[in-house]
Each structure stands twice: as structure tokens, then as C-alpha cells.
Amino acid sequence: MATYLTPELAWQRLREGNKRFVAGTSSHPNQDASRRSSLVENQNPFAVIFGCADSRLAAEIIFDLGLGDAFVVRTAGQVIDDAVLGSLEYSVSELDVPLIVVLGHDSCGAVTATKAAVETGQMPAGFIRSLVERITPSVLTSLRNNQTEVNDMVVENVKQTSQRLVDSSRVISSAVDSGRTAVIGLAYSLADGRADLVSSIGRL
């Protein structure tokens with residue numbers, strides 16, 4: 001059964017789930033056998049969560065969600081590539097998801113590595129270099145704004161990533177322009193479990 005939530009109601013549902021998680025009163029919805037069997041033929045998630053791959057940032061847990069609730073895409077530092085864009089476009093065009101969430105968190109290792117690379121001029125080896133290169137603009141913007149803390153850079157990276165999704169994808173930008181979808185940026189606190197709104201694009 002489709003949910004057909006507005007972007008605003010989808011965000012409200014995520015907020016409520018995160019409040020339960022923070023308070024230690026998670027209800028673990030939609031995780032039983034009947035929910036599982038009801039989803040065999042189709043899915044109607046109400047949000048797509050594009051978050052950091054950090055093991056402490058499990059989207060379904062921190063928003064108290066279950067099977068079929070969220071379409072989740074994760075990369076270190078929530079770095080965008082073609083597969084990410086294709087996955088997000090699929091969620092918007094095929095699944096009619098009303099809310100795209102870009103989810104960053106404090107003490108992010110990918111952002112910390114990028115900060116170190118910018119400060120020392122030493123690039124990491126292998127494909128970690130690709131992550132660092134993509135996060136570098138956010139670190140440079142933060143430094144230009146006299147924001148030298150990693151957590152400031154995390155917030156900047158969430159904001160820039162959100163904007164890049166809209167700038168890079170005609171599918172996403174059209175959905176935002178029509179009011180069907182909104183893109184929000186959240187910063188998650190590892191210590192207290194709160195996910196706070198730091199940016200939004202589109203009508204909420």
C-alpha cells in the first residue's frame with residue numbers, strides 16, 4: 001500500500017522516529033513477518049536516506065523504521081557518484097519518494113581525512129583519494145569561512161552534497177521544482193543520537 005506522504009509529513013515521521021530513538025523508546029515498527037510478506041511484490045518507501053557508511057549511522061535504527069519504510073544509499077562521507085545518483089533518481093522517478101535526506105554525522109572519518117589532506121598536502125592512497133577529492137570543496141569552503149572544526153566541515157559537506165544532488169540530476173531538480181520531493185540535510189550526533197536539520201531545498 002502506497003504512503004503518498006508530502007515532503008513535510010515524511011520529515012515529520014522521521015523526526016518522530018528519531019525522537020523515540022533518542023529517548024530510548026523505539027517502537028521497531030514494520031519488522032514482523034506480516035510486514036515482510038506484504039512487501040514481496042512491491043515497495044513504497046516514504047523517504048530515501050543518503051547517508052555516510054559509518055557503522056554507527058544505521059538509518060533504520062536512528063529513525064526507528066522498519067522494512068519498506070526507507071530506501072537507503074550509503075557511501076563514506078556521503079560522497080556522490082553515478083551509482084548514487086542513479087539510485088536516488090530511481091527512488092524519485094520509480095518509487096515516488098517524497099523526501100531525500102542527506103545524512104552526515106560528527107567526527108566523520110572521511111571529512112577528517114580530507115581536512116588532514118588539505119592541511120598537509122598529503123593525499124591518501126588508493127580509492128580513499130577519490131573520497132577526499134570529492135569532499136575537498138566543502139573543507140575549503142569551511143576554511144574560507146573561518147570554520148576550522150571537523151564538525152563544521154561535516155555540516156558544510158551535507159549542505160554542498162544536497163545542493164549537488166539538485167544541480168546534477170534533472171530528475172531530482174524537477175521533482176523538487178514541482179513540490180513532489182524535497183531535499184533536506186541532517187547532521188547526526190553520535191553521542192546523543194539526534195539528527196538535526198541543517199539545510200532544506202524545496203517546500204517542506
Side-chain angles (χ1 to χ4, degrees), residues 7 10-12 14-15 17-19 21-23 47-59 61-63 70 72-81 84-85 88 99-169 172-173 176 181-204:
W11 169 222
Q12 183 182 328
L14 286 180
R15 273 202 316 272
N18 182 238
K19 273 185 191 156
F21 172 69
V22 170
V48 54
I49 299 171
F50 173 39
C52 182
D54 191 292
S55 64
R56 299 162 292 183
L57 204 65
I61 295 175
I62 68 173
F63 294 111
V72 180
V73 181
R74 295 171 70 179
T75 62
Q78 67 278 350
V79 163
I80 298 170
D81 61 15
V84 167
L85 284 171
L88 296 181
L99 187 67
I100 297 173
V101 178
V102 178
L103 179 64
H105 66 96
D106 54 4
S107 307
C108 178
V111 176
T112 302
T114 305
K115 179 177 185 278
V118 167
E119 287 171 350
T120 64
Q122 296 287 311
M123 288 296 278
F127 285 97
I128 297 174
R129 178 181 182 131
S130 175
L131 297 174
V132 164
E133 286 172 346
R134 289 164 196 250
I135 298 170
T136 294
S138 300
V139 170
L140 293 176
T141 299
S142 295
L143 292 174
R144 270 201 307 276
N145 294 334
N146 295 316
Q147 296 177 317
T148 56
E149 299 299 315
V150 164
N151 294 344
D152 294 327
M153 295 170 180
V154 166
V155 170
E156 183 60 35
N157 190 43
V158 167
K159 291 176 179 175
Q160 289 198 18
T161 300
S162 301
Q163 189 61 53
R164 205 169 297 133
L165 288 178
V166 176
D167 292 344
S168 303
S169 167
I172 294 172
S173 62
V176 169
T181 301
V183 179
I184 63 173
L186 303 181
Y188 177 80
S189 164
L190 294 174
D192 65 24
R194 274 183 39 184
D196 291 320
L197 187 71
V198 294
S199 67
S200 67
I201 303 169
R203 288 200 296 278
L204 259 195

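Because the structure is a prediction, the values reported are computed rather than measured. Just so it is clear, the values below take in all heavy atoms, side chains as well, and ignore hydrogens, waters and symmetry mates.
When side chains are defined from C-beta on, Leu99 does not count as touching Val48, because their heavy atoms never get closer than 4.5 Å. Side-chain contact check for Leu186 versus Val158: every heavy-atom pair is 4.5 Å or farther apart. Val84 is listed as a side-chain neighbour of Asp81, based on a closest heavy-atom distance under 4.5 Å. In this structure the side chain of Thr112 never reaches within 4.5 angstrom of the side chain of Met153, judged on heavy atoms.
Partners of Leu140 by side-chain contact (heavy atoms from CB on, under 4.5 Å), not counting sequence neighbours, listed by chain and number: Val118, Thr136, Arg144.
Atom CD1 of residue Ile128 and atom CE of residue Met123 lie 11.0 Å apart, to the nearest 0.5 angstrom. Separating the OG1 atom in Thr148 from the NZ atom in Lys115 is a distance of 6.5 Å, to the nearest 0.5 Å.
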For this session: Given side chain to side chain contact (heavy atoms under 4.5 Å, CB included), test Trp11 with Val101 step by step and report yes or no.
Result: CA-CA 9 Å; Trp11 169 222; Val101 178; 5.8 Å; no
For this session: Begin from the C-alpha positions of Leu57 and Arg74 and carry the test side chain to side chain contact (heavy atoms under 4.5 Å, CB included) through to its verdict.
Result: CA-CA 10 Å; Leu57 204 65; Arg74 295 171 70 179; 4.1 Å; yes
Exercise. So Thr161 and Ile80, side chain to side chain contact (heavy atoms under 4.5 Å, CB included) or not? Walk me through it.
Worked result: CA-CA 7 Å; Thr161 300; Ile80 298 170; 3.7 Å; yes
For this session: Could you walk me through whether Gln163 and Lys159 pass side chain to side chain contact (heavy atoms under 4.5 Å, CB included), step by step?
Result: CA-CA 6 Å; Gln163 189 61 53; Lys159 291 176 179 175; over 6 Å; no
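Taking every heavy atom of both residues into account, Ser173 and Val166 meet most closely at CB-O, 3.4 Å. Minimum interatomic distance between Asn18 and Ala195 (heavy atoms only, all atoms of both residues): OD1-N, 3.0 Å. Smallest separation of non-hydrogen atoms from Arg194 and Asp192: N-OD1, 2.9 Å. Across every non-hydrogen atom of Leu85 and Ser168, the tightest pair is CD1-CB, 4.1 Å. Among all heavy-atom pairs drawn from Leu103 and Ile49, the shortest one is CD2-CG2, 4.0 Å. A pairwise comparison of heavy atoms in Ser142 and Asp152 identifies OG-O, 3.9 Å as the closest pair.
In Ile61, the CD1 atom is not crowded: 12 or fewer heavy atoms of neighbouring residues, nucleotides or ligands sit closer than 6.0 Å. Counting heavy-atom neighbours within 6.0 Å of Glu149 CD, excluding the residue itself, gives a total of 12 or less.
Judged by distance alone, with hydrogens and angles left aside, the side-chain atoms of Ser169 form no donor-acceptor pair with the main-chain N or O of Leu165 at under 3.5 Å. In this structure, the side chain of Asn145 does not engage the main chain of Gln147 through any donor-acceptor pair within 3.5 Å.
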What donor-acceptor contacts under 3.5 angstrom involve side-chain atoms of residues 197-204, with partners at least two apart or in another chain?
unit_1: Ser199; atom_1: OG; unit_2: Gly185; atom_2: N; d: 3.4

